[in-house]
Amino acid sequence: MAEYFPEVGKIAYEGPDSDNPLAFRHYNAGEVIMGKTMAEHLRFAVCYWHTFKGLGGDPFGPGTMIRNYNDSGDEMKVAEMTLEAAFEFFTKLGVGFWCFHDRDIAPEADTLAETNKRLDVIVAKAKKLQADTGLKLLWGTTNAFSHRRFMAGAGTNPSPEIFAYAASQIKKAIEVTAELGGEGYVFWGGREGYDTLLNTDLGRELEHLAKLLQMAVDYKKKIGFEGQFYIEPKPKEPTKHQYDFDAGNCYAFLQKFGLVDDFKLNIEANHATLAGHDFHHELAFCAANNMLGSVDANRGDMLLGWDTDQFPTNLYDATLAMYIILKSGGLTTGGLNFDAKVRRQSIDAIDLFYAHIGSMDTFARGLKNAVKMIEDGKLEAAVKARYGGWDEGLGKKIESGQAGFEELEVYTLENGEPELKSGRQELFENLLNEYI
Ligand code: XLS
Ligand code: CA
Ligand code: CA
């Protein structure tokens, strides 16, 4: 097999004093922390679409990046070379997982039957490369948003023929994910939303989306696919409003349609900020409702209102994310998938390495900081103390359902104006800084 990144060898852990930009300074895969290795805690995945298919194109101009695995006029040859390059990259970087959309790995042909055949060729090759390298598939997914047939959505398209096409495509994508031993499968509603309500039957579209997901659940059970299903919330882009707006919205939708036990959520940092939340909020909401599944680890730019999908380098975000993840029991089927792209001016293949190394180190530091927070327990104790009133007397009665409006009125009339306590936000913020 050709070597696609000859200028880079296997990335090693060299410790915090290293000044080698092609080494880890914090991520030490085999180091055991709180009973698990860092690799087991962090479950890093590389995404196929940005890292190997993205070439820096944006709405104002085409791609800027030239890759040696792209240079053939034959689409299937490019697909095979790209897959080889990807596995070389995963192995040199030392991640355990990858993620893909069906159409990232194999180009679409003129008919669905022909497209599926192409997919089978690439999947057979991927299966062999997985076996050779020990890489695992974190999740697979369907691209039912790029082709023009999906311009008005897939499961929420006004046309039942397009719904059927999307269902057929998802069926095949679940099959190939199962074939590759995928630990999960993601549903991201690329164009499941609307551009204007004037032409949209919103109620009917939501019913159809639920039908599509129910069919997927039924089929998954039928073929015995054991991977976890995830919904990935995103509030807008490409449509003005996406139905899987945020974690709260997805949770309500899944409950309404009786799907809540079959899905968890895949939280993307940049989608959280697009929804007007922070990453921390979306993760905390999932943890509080037992919906935390997997994470698309990236970052937006607060001054740009779109999905910039930048590599995550913010230590506060990574620390708070790992704090929530650890407190909720850690990642099980899910992982930290770098759904991120290098900037349009970062044109060299080596930039892909710098980007991933930096992000892996960021989350390794986040993990270590979160462990410090948990082990010294000050933050948790302070939060617990704030709610201490609920562990005894009046609070306990309310929580256990032993008091209603009448008892509470009697209590309030007898005890008068409640004592107020400071929320101590600044003190909590100072405490957080001590761990970073
Ligand atoms: C797009 C999404 C997408 C999903 C998978 O904004 O992040 O890449 O993660 O379809
Ligand atoms: Ca994503
Ligand atoms: Ca995104």
Side-chain angles (χ1 to χ4, degrees), residues 44-54 57-59 97-105 108 137-147 150 153-156 166 169-170 173-174 176-177 182-193 209 212-213 216 227-247 250 263-279 282-283 286 292-302 304-312 314 317 321 334-343 355 359:
F44 288 129
V46 170
C47 88
Y48 209 89
W49 50 102
H50 290 312
T51 296
F52 304 105
K53 302 303 288 180
D58 72 10
F97 299 92
W98 65 304
C99 297
F100 67 83
H101 297 85
D102 46 6
R103 303 300 178 249
D104 305 333
I105 57 171
E108 194 154 354
L137 177 61
L138 188 69
W139 48 261
T141 186
T142 309
N143 178 335
F145 46 85
S146 293
H147 193 282
F150 297 121
T156 61
Q169 193 181 327
I170 293 169
I174 294 174
V176 305
T177 299
E183 302 202 1
Y185 184 90
V186 163
F187 291 83
W188 171 63
R191 291 183 196 272
E192 313 291 25
L209 185 56
L212 185 77
L213 296 176
Q228 174 66 51
F229 273 178
Y230 307 106
I231 304 266
E232 181 179 323
K234 183 174 184 181
K236 57 185 169 196
E237 198 201 275
T239 60
K240 153 174 151 163
H241 175 92
Q242 308 249 141
Y243 295 134
D244 43 20
F245 195 91
D246 63 2
C250 290
F263 289 85
K264 295 230 184 280
L265 300 182
N266 178 40
I267 296 300
E268 179 177 314
N270 201 166
H271 297 181
T273 52
L274 284 178
H277 302 308
D278 48 34
F279 186 28
E282 288 290 83
L283 293 172
C286 289
L292 185 52
S294 200
V295 173
D296 273 5
N298 64 8
R299 132 181 94 97
D301 183 321
M302 289 306 190
L304 297 174
W306 66 90
D307 194 16
T308 60
D309 285 338
Q310 285 166 246
F311 276 87
N314 183 310
D317 284 349
L336 298 176
N337 169 44
F338 295 116
D339 188 354
K341 55 189 177 204
V342 289
R343 299 301 86 193
S359 298

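Start at 1 and go down the list; that is how both ligands and their atoms are numbered. Quick caveat, the model's predicted, so the values are computed rather than measured.
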*Asks:* Side chain of Arg299, backbone of Ala297: donor and acceptor closer than 3.5 Å?
*Replies:*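 Answer holds: no.
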*Asks:* Write out the residue and atom name of the closest protein heavy atom to atom 6 (O) of ligand 1, then the distance separating them to 0.1 Å.
*Replies:*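 For atom 6 (O) of ligand 1, the nearest protein heavy atom is Lys234 NZ, 2.9 Å.
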*Asks:* Check Gln169 against Ala144 and note the closest heavy-atom contact, atom names and distance.
*Replies:*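 Closest approach of Gln169 to Ala144: NE2-N, 4.3 Å.
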*Asks:* With carbon and hydrogen excluded and only N/O/S kept, which atom of Glu268 is nearest the Ca ion (ligand 2)?
*Replies:*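 Per the distance ranking, Glu268 contributes OE1 as its closest N/O/S atom to the Ca ion (ligand 2).
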*Asks:* Please answer whether the main-chain N or O of Pro233 pairs with a side-chain N or O of His271 as donor and acceptor at a distance below 3.5 Å.
*Replies:* yes
*Asks:* Looking at Glu268, which atoms of ligand 1 are within less than 4.0 Å of one of its heavy atoms?
*Replies:* 7 (O)
*Asks:* For ligand 1, note which part of Asp296 has a heavy atom under 4.0 Å away: side chain, backbone, both or neither.
*Replies:* side chain
*Asks:* Show your working on side-chain hydrogen bond (donor to acceptor under 3.5 Å, both in side chains) between Asp309 and Asn298 and close with a plain yes or no.
*Replies:* CA-CA 6 Å; Asp309 285 338; Asn298 64 8; 2.9 Å; yes
*Asks:* Ignoring hydrogens and angles, tell me if any N or O in the side chain of Glu192 forms a donor-acceptor pair with the backbone of Ala154 under 3.5 Å.
*Replies:*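 Confirmed, Glu192 side chain pairs with Ala154 backbone.
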*Asks:* Which word best sums up how the rings of Tyr48 and Trp98 line up, parallel for under 30°, tilted for 30 to 60°, or perpendicular for over 60°?
*Replies:*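 Tyr48 vs Trp98 ring planes: tilted.
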*Asks:* At what distance is the nearest protein heavy atom to atom 4 (C) of ligand 1, and which residue and atom is it?
*Replies:* Glu232 OE1, 3.3 Å
*Asks:* With heavy atoms only and a cut-off of under 4.0 Å, state how Val186 meets ligand 1: side chain, backbone, both or neither.
*Replies:*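 It is neither part, as no heavy atom is under 4.0 Å.
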*Asks:* Checking only N/O/S atoms, does Glu232 have one that is under 3.0 Å from the Ca ion (ligand 2)?
*Replies:*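 Short answer: yes, at least one N, O or S atom is under the cut-off.
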*Asks:* Give the contacting part of Asp307 toward ligand 1: side chain, backbone, both or neither, where contact means a heavy-atom distance below 4.0 Å.
*Replies:*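 Side chain only; the backbone of Asp307 stays clear of ligand 1.
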*Asks:* Backbone or side chain, does any N or O of Trp139 fall under 3.5 Å from an N or O of ligand 1?
*Replies:* no
*Asks:* By the definition side chain to side chain contact (heavy atoms under 4.5 Å, CB included), identify the one residue from Asn143, Asp104, Ile105 that meets it with Trp49.
*Replies:*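 Passing option: Asp104.
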*Asks:* For atom 3 (C) of ligand 1, what's the nearest protein heavy-atom neighbour? Residue, atom name and distance, please.
*Replies:*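 For atom 3 (C) of ligand 1, the nearest protein heavy atom comes out as Trp188 CE3, 3.7 Å.
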*Asks:* Please give the atom name: the N, O or S atom of Asp307 nearest to the Ca ion (ligand 3).
*Replies:*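 This residue's closest N, O or S atom turns out to be OD2.
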*Asks:* Closest non-hydrogen protein atom to atom 10 (O) of ligand 1, residue and atom name please, with distance?
*Replies:* His101 NE2, 2.7 Å
*Asks:* Got Phe145 and Trp188 here, is their nearest side-chain heavy-atom distance under 4.5 Å?
*Replies:* yes
*Asks:* Name whichever N, O or S atom of Asp296 ends up nearest to the Ca ion (ligand 2).
*Replies:* OD2
*Asks:* To check you understand the geometry: which heavy-atom pair defines the closest contact between Cys250 and Leu265, and what is its length?
*Replies:*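 Minimum heavy-atom contact is CB-CD2, 3.9 Å.
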*Asks:* When you measure from the side chain of Glu232 to the backbone of Val186, do you find a donor-acceptor pair of N or O atoms at a distance under 3.5 Å?
*Replies:* no
*Asks:* For the Ca ion (ligand 2), which N, O or S atom of Asp339 is at the shortest distance?
*Replies:* OD2
*Asks:* On the 0 to 90° scale, with breaks at 30° and 60°, tag the Phe187-Phe229 ring pair as parallel, tilted or perpendicular.
*Replies:*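 Plane angle over 60°, so perpendicular.
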*Asks:* Find, among atoms of His271 that are N, O or S, the one nearest to the Ca ion (ligand 3), and state its name.
*Replies:* NE2
*Asks:* Any heavy atom of His271 sitting closer than 4.0 Å to ligand 1?
*Replies:* yes
*Asks:* Considering just N/O/S atoms, say which atom of Asp309 is closest to the Ca ion (ligand 3).
*Replies:* OD1
*Asks:* Go through ligand 1 atom by atom and flag the ones less than 4.0 Å from a non-hydrogen atom of Trp49.
*Replies:*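 Close to Trp49: 8 (O).
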*Asks:* Just heavy atoms, cut-off under 4.0 Å: does Glu237 contact ligand 1 by side chain, backbone, both, or neither?
*Replies:* neither
*Asks:* Using side chain to side chain donor-acceptor pair (under 3.5 Å) as the criterion, point out the one residue from Thr239, Asp296, Asp307, Asp244 that pairs with Lys234.
*Replies:* Asp307
